[in-house]
Amino acid sequence: MLKIGCQITTRSHGLPFLGEKLAFFWYFNILRRPDEFINSKRRKYGDNVGMYRSHLYKSPIIIACSQSIIKRVAQSSEEFILEWPTREVLGPHSISSLHGDHHKRIKSFISNALNSPESVRRIVLLVQPHIATAFQLWAQKGKVKTFYEMKKVAFVYLGKYIASFEAGPELDTLEQLILGLSKGHRAHPRKIPGTTYYHALQCRKRVVQIFLAELEKRRRDGNNKNDIMDQLMQMKDGHGDYLSDEEDENVKMSMEKRGEYITREDISKLKYTNKVVDETLRMSGISGFFFRTATDDINLDGAFMA
């Protein structure tokens, strides 16, 4: 329920049932210009509003585009919990569906696994053979689409780092399943055969089967490969219990959606390269939007939500 205050008088609920989903997809999927979805509202209702009422994903929502409002929402994890309307695609135990201490514990684990100095050293050494092999293959092709080729290289590396999957038919299948799954993450949540969302749910089932089969194999053989899967198998929750199989594979699924070789120390000395990477990440975030759900009555710059 939304109680309207003085700051949020603009509304556009769109079509019955669909809401503004068609316009949303037009700007995001067809034009590939997501900012124009917000700019269209700014042109219609004014640039100084900062918040707009709408209806997306089968629910009334508030679209916030003011820097100050977004900052408060993003930093107030107790007032605004992370909750995607399509959370069934990634699973109830994925990092995008968890809250409180459990979310912090999993987030800390993933951050350390990817960003700690020791992890970065390991990643640098692990990824470079794949990069060197890719360069050789690209040279043979003569002409390549760098964006798509780099995505392939990144996925091969992630498969190796997360679950020690080697390049081959199984990893190729997993890549296609993850692609289908990711497309459904922002699709309209309709469980109708033929829709993107339904296809994503089917992809999820097959991905779960692949990871569960690998988990069972490791338990049966007792092999320790010292990868992310092994670390998750040893991880405990706040009660001292190990993660369930479903929690384990949900976290891995969330992570799937990131001569002499140089070392991490060498990379740290490349100050201009680091600045280019930082600026690229600043200008082009990995997500054009995110969802939060208000947990209580909240006054947000004059707009009362209950």
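We number each residue from 1, following the sequence as shown. Just so we're clear, the structure is a prediction, and the values are computed from it rather than from any experiment.
Counting only heavy atoms from C-beta outward, the side chains of Arg190 and Tyr198 never approach each other to under 4.5 Å. Side-chain atoms of Thr293 and Phe80, non-hydrogen and from C-beta on, never get closer than 4.5 Å to each other. With a 4.5 Å cut-off on side-chain heavy atoms, Glu166 and Lys160 count as touching. Two residues are said to be in side-chain contact when any heavy atoms from C-beta on lie closer than 4.5 Å; Arg53 and Lys41 fail this criterion. Taking the side chain as every heavy atom from C-beta outward, Tyr27 and Ser40 approach each other to under 4.5 Å.
To the nearest 0.5 Å, atoms CD (Gln67) and CD1 (Ile70) are separated by 8.0 Å. Summarising the geometry, atom CG belonging to Leu171 is positioned 9.5 Å from atom CD1 belonging to Ile210; distances are rounded to the nearest 0.5 Å. Between Leu174 atom CG and Gln176 atom CD the span is 10.0 Å, to the nearest 0.5 Å. In this structure, OG in Ser54 is found 9.0 Å from CZ in Phe24, a value given to the nearest 0.5 Å. Taken from NZ in Lys152 to CD in Glu175, the straight-line distance is 7.0 Å, to the nearest 0.5 Å. Atom OH of Tyr157 and atom CD1 of Ile123 lie 3.5 Å apart (nearest 0.5 Å).
Here the shortest heavy-atom pairing between Ser182 and Leu179 reads OG-O, 2.8 Å. Across Ala187 and Thr86, no two heavy atoms sit closer than the pair O-CG2, 3.3 Å. Smallest separation of non-hydrogen atoms from Phe211 and Met229: CD2-CE, 3.6 Å. Among all heavy-atom pairs drawn from Tyr197 and His188, the shortest one is CB-O, 3.3 Å. In plain terms, the two heavy atoms of Val153 and Ala134 that are nearest each other are CG2-CB, 3.5 Å. Annotation for Cys203 and Gly180: closest pair SG-CA, 4.0 Å, computed over non-hydrogen atoms.
Between Glu214 and Arg218 there is a salt bridge, with a side-chain nitrogen of the basic residue lying less than 4.0 Å from a carboxylate oxygen of the acidic one. Ion pairing of Glu88 with Arg204 is absent here, as no side-chain N (NZ or NE/NH1/NH2) approaches a carboxylate O to less than 4.0 Å. Salt bridge annotation for Glu83-Arg292: absent, with no cationic side-chain nitrogen under 4.0 angstrom from a carboxylate oxygen. Using a 4.0 Å cut-off between a side-chain N of Lys or Arg and a carboxylate O of Asp or Glu, Glu36 and Arg43 qualify as a salt bridge.
The aromatic rings of Trp84 and Phe291 stand perpendicular to each other, their planes meeting at an angle above 60°, with 30° marking the opposite boundary. Aromatic ring pairs are classed by plane angle as parallel below 30°, tilted from 30° to 60° and perpendicular above 60°; the pair Phe135 and Trp138 is perpendicular.
Chaining together hydrophobic side chains whose heavy atoms lie under 4.5 Å apart places Phe147 alongside Tyr148.
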| query | Could you go step by step and tell me if Ile38 and Arg42 meet the side-chain contact (heavy atoms from CB on, under 4.5 Å) rule? | reply | CA-CA 6 Å; Ile38 300 298; Arg42 286 173 168 165; 3.9 Å; yes
| After noting the C-alpha distance and the side-chain angles of Arg72 and Glu79, does the key distance pass the side-chain contact (heavy atoms from CB on, under 4.5 Å) rule? | CA-CA 10 Å; Arg72 179 185 168 185; Glu79 292 180 318; 3.3 Å; yes
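Results of the side-chain contact (heavy atoms from CB on, under 4.5 Å) test with Val207 over Thr173, Leu212, Ile178 single out Ile178 as the only residue that passes.
When hydrophobic clusters are built by joining Ile, Leu, Val, Met, Phe, Trp and Tyr residues whose side-chain heavy atoms come closer than 4.5 Å, directly or via intermediates, Phe28 is grouped together with Ile30. Hydrophobic clustering of Ile, Leu, Val, Met, Phe, Trp and Tyr side chains at less than 4.5 Å, counting indirect connections, unites Leu31 with Ile63. Tyr161 and Met150 fall within a single hydrophobic cluster, where Ile, Leu, Val, Met, Phe, Trp and Tyr are joined by side-chain heavy atoms under 4.5 Å apart, directly or via other members.
A cation-pi arrangement, defined by a distance under 6.0 Å to the six-membered ring centre and an angle within 45 degrees of its axis, is absent between Lys151 and Phe155.
Side-chain polar atoms of Tyr57 and Lys21 form a donor-acceptor pair below 3.5 angstrom.
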